[in-house]
Amino acid sequence: MALALGCIGDDYTGSSDLANTLTRNGLRTLQLIGVPSAEVALPEVDAIVIALKIRSVAAADAVKSARVADAWLRARGVSHVLYKICSTFDSTDAGNIGPVMDSLRADRKQELTLVTPAFPETGRTVYKGNLFVDDVPLNESSLKDHPLTPMRDANLVRVLGRQSRVRVGLIDLQTVAQGEPRLREAIGALAASGVGVAVVDAVFPTDLETIGAVALEMGLSVGASGLGLGLARSLVRGGRVGASNGSSSLGAPVGGAAACLAGSCSKATLEQIEKARAVMPVLLLDVDAVVGGRAGAEAEMAVSWAQERLELGSVLIASSASAEQVAKLQARYGRDTTGKAIEECMATIAADLVARGVRRLIVAGGETAGAVVDRLGLPGFLVGPEIAAGVPALRTIGGAGRDMALALKSGNFGGPDFFSDALAILK
């Protein structure tokens, strides 16, 4: 397989977002869950996104997993790898973005690496090294309060500088706006001065196209799906791949029962759950019971509740709670214990529902999606039409006879009617 682009995603929903962006911009794309085993047959594609679950794990574990994925991609002739991170740069001061980036740079002996989480079409821009969400600095936006990776500093030069072992510099918007030759000059000057990583401003899609074209000349870049847009457009424009129609078919309908699971506590997902009440039965789990040691009973109750209703249509089961409720649980039980208990409960519910015939599954929340996909043992997906910005329809490959259609949604993505929209597309 001749691959034009390899990508390493730091969580499953973000990887779907990237796969969706690459597909829309002309690349035939496959999303894999982890590094595949030798016996999994892979279709002919232009780009592969290896989805990992390394955003919130220990930094050493994240580095190890990313290096294995990177080696697998390079062994298949990939000349450029994008390390895909969240467009809100979800990361603690200890990592994991910096440590993973440093290790991948060191493996390549790369002199300088470009970093930008900008994605203007979703409201994420970078100016003077500061990350903005819909024209508001990240640390002043509602997205600063992620329960696992809260972001209190919008200045990415400072944030990355606290994580990385190398000097971090800035390439400003004025430089990017002057085009590829000027950007190359700036990279050379920074590298000569001892800077190893450069945060790059980007406010418009054309900025990403400029950055993508220059980044392809290097072995590694770090960014959100916006940088994937720039890389994909550059590959197509340069004739390295023939542009696909950007709306890959997932084949014949999967059929079977459909269920929605929501684990995100984002404002967008909470609004989507409320809107879904008008069109399907909705069950809110008792998250205090789940975290407090009664997760098994809560999962059993939820599956029984769903089974009674699935013959009549779709259902939604949510562990989502307000930021205040989550904060109280974390204070009582600890952040890691709270998150893990809820994720595992949702994964148990998903596995039991699939065992009872559910073949269309919609999951909201990055950590929840990761737990569900891991529990189901799904090796990868073909990427289909877009449901909402950043969220494609997916169809399983190589699933030991289990044919499923899925949507994996980051908590902040999608409009108010997301669950209904997804069910309309996942046939």
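In what follows, every heavy atom counts, from backbone to side chain, and hydrogens, waters and symmetry copies are set aside.
- Considering only heavy atoms from C-beta on, I48 stays 4.5 Å or farther from T29 through its side chain.
- Formation of a donor-acceptor pair under 3.5 Å by the N25 side chain with backbone atoms of T21 is found in this model.
- Counting only distance, with no hydrogens or angles, the side chain of R233 and the backbone of E209 share no donor-acceptor pair below 3.5 Å.
- Judged by distance alone, with hydrogens and angles left aside, the side-chain atoms of Q163 form a donor-acceptor pair with the main-chain N or O of G98 at under 3.5 Å.
- Annotation for T175 and A186: closest pair CG2-CB, 3.7 Å, computed over non-hydrogen atoms.
- At least one donor-acceptor pair closer than 3.5 Å links the side chain of S266 to the backbone N or O of G411.
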Give the table of side-chain donor-acceptor pairs shorter than 3.5 Å for residues 344-353, with sequence neighbours excluded, one pair per line with atom names and distance.
unit_1 : atom_1 : unit_2 : atom_2 : d
E344   : OE1    : R375   : NH2    : 2.7
T348   : OG1    : E344   : O      : 2.9
T348   : OG1    : R375   : NH1    : 3.0

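- Using a 4.0 Å cut-off between charged nitrogen and carboxylate oxygen, E343 and K340 do not count as a salt-bridge pair.
- With hydrogens and angles left out, the side-chain atoms of D374 and Y12 include a donor and acceptor closer than 3.5 Å.
- Under a 3.5 Å cut-off, the side chain of R76 and the backbone N or O of W72 do form a donor-acceptor pair.
- Residues M404 and L361 form a side-chain contact, since some pair of their non-hydrogen atoms from C-beta on lies under 4.5 Å apart.
- Put simply, the side chain of Q272 gets close to the backbone of F413: a donor and an acceptor are under 3.5 Å apart.
- Within the cation-pi definition used here (under 6.0 Å to the ring centroid, within 45° of the axis), K409 qualifies as a partner of F418.
- Of the possible donor and acceptor atoms, none in the side chain of R335 sits under 3.5 Å from a partner among the backbone N and O of Q330.
- For Y333, the OH atom is densely surrounded, since the number of other residues' heavy atoms within 6.0 Å is greater than 12.
- H80 contributes no side-chain N or O that, together with a main-chain N or O of G6, makes up a donor-acceptor pair within less than 3.5 Å.
- Judged purely by atom type and a 3.5 angstrom limit, D102 uses its side chain to pair as donor or acceptor with the backbone of R165.
- Legend: side-chain hydrogen bond (donor to acceptor under 3.5 Å, both in side chains) pairs involving residues 192-202, not counting sequence neighbours: none detected.
- Separation of atoms CG (L131) and CZ (F89) is listed at 8.5 Å; rounding is to 0.5 Å.
- A heavy-atom distance below 4.5 Å is not found between the side chains of V126 and F119.
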N/O donor-acceptor pairs under 3.5 Å from side chains in residues 381-394, not counting sequence neighbours:
unit_1 : atom_1 : unit_2 : atom_2 : d
E386   : OE2    : N20    : ND2    : 2.7
E386   : OE2    : R24    : NE     : 3.0

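- For the atom pair S15 OG and L32 CG, the distance stands at 10.0 Å (nearest 0.5 Å).
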Applying salt bridge (charged side-chain N to carboxylate O under 4.0 Å, His left out), run through D403 and R359 and close with a yes or a no.
CA-CA 7 Å; D403 187 17; R359 289 295 177 267; over 6 Å; no

Run the side chain to side chain contact (heavy atoms under 4.5 Å, CB included) test on L227 and S225 for me, step by step, so that the C-alpha distance in whole Å, both residues' side-chain angles and the decisive distance to 0.1 Å come before the verdict.
CA-CA 5 Å; L227 184 51; S225 295; over 6 Å; no

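- Side-chain contact of S16 with Q31: a donor-acceptor pair under 3.5 Å is present, judged by distance alone.
- R162 and D153 are joined by a salt bridge, as a carboxylate oxygen and a charged side-chain nitrogen come within less than 4.0 angstrom of each other.
- The minimum heavy-atom distance between L208 and A118, with the atom names listed, is CD2-O, 3.9 Å.
- Under the 4.5 Å side-chain criterion, counting only non-hydrogen atoms from C-beta, I171 is in contact with I187.
- Expressed to the nearest 0.5 Å, how far CG of L283 lies from CD1 of I317 amounts to 6.0 Å.
- Residues E298 and D286 form a side-chain contact, since some pair of their non-hydrogen atoms from C-beta on lies under 4.5 Å apart.
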For a side chain to side chain contact (heavy atoms under 4.5 Å, CB included) check, start with the C-alpha distance between I273 and S320, then their side-chain angles and the critical distance, and finish with the verdict.
CA-CA 9 Å; I273 292 168; S320 304; 3.5 Å; yes

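- Between L270 and C265 the shortest heavy-atom distance is CD1-O, 3.8 Å.
- Using a cut-off of 4.0 Å between Lys/Arg side-chain N and Asp/Glu carboxylate O, R294 and D288 are scored as not salt-bridged.
- When all heavy atoms are compared, the tightest approach of S319 to G263 is OG-CA, 3.4 Å.
- Using a 4.5 Å heavy-atom threshold, the side chains of L156 and L160 count as separate.
- Using a distance-only test at 3.5 Å, with no hydrogens or angles considered, a donor-acceptor pair links the side chain of N96 to the main chain of I54.
- Separation of atoms CD (E111) and CZ (R105) is listed at 9.0 Å; rounding is to 0.5 Å.
- The shortest distance between side-chain heavy atoms of V222 and L82 does not fall below 4.5 Å.
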Walk me through whether I362 and L261 qualify under side chain to side chain contact (heavy atoms under 4.5 Å, CB included).
CA-CA 6 Å; I362 299 160; L261 301 176; over 6 Å; no

Quick one, S164 with M101, criterion side chain to side chain contact (heavy atoms under 4.5 Å, CB included). Give me CA distance, side-chain angles, the key distance, then yes/no.
CA-CA 8 Å; S164 175; M101 175 190 67; 3.8 Å; yes

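- Looking at every heavy atom in both residues, R28 comes nearest to E44 through NH1-O, 3.6 Å.
- For the residue pair T269 and A262, the shortest heavy atom distance occurs at CG2-CB, 4.1 Å.
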Please evaluate residues R184 and E180 with respect to the criterion salt bridge (charged side-chain N to carboxylate O under 4.0 Å, His left out), reporting the C-alpha separation (whole Å), side-chain torsions for both, the decisive distance (0.1 Å), and the verdict.
CA-CA 6 Å; R184 293 187 184 96; E180 295 173 30; 3.1 Å; yes

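- Checked by atom type, the side-chain pair Q110/T113 shows a donor-acceptor distance below 3.5 Å.
- P117 has its side chain out of reach of R124: every pair of non-hydrogen atoms, C-beta onward, lies at least 4.5 Å apart.
- How far CG of D107 is from CG of L220: 9.5 Å, rounded to the nearest 0.5 Å.
- Salt bridge absent: K53 and D11 never bring a charged side-chain N and a carboxylate O closer than 4.0 Å.
- Here E271 contributes atom CD and E274 contributes atom CD; the two are 9.5 Å apart, rounded to the nearest 0.5 Å.
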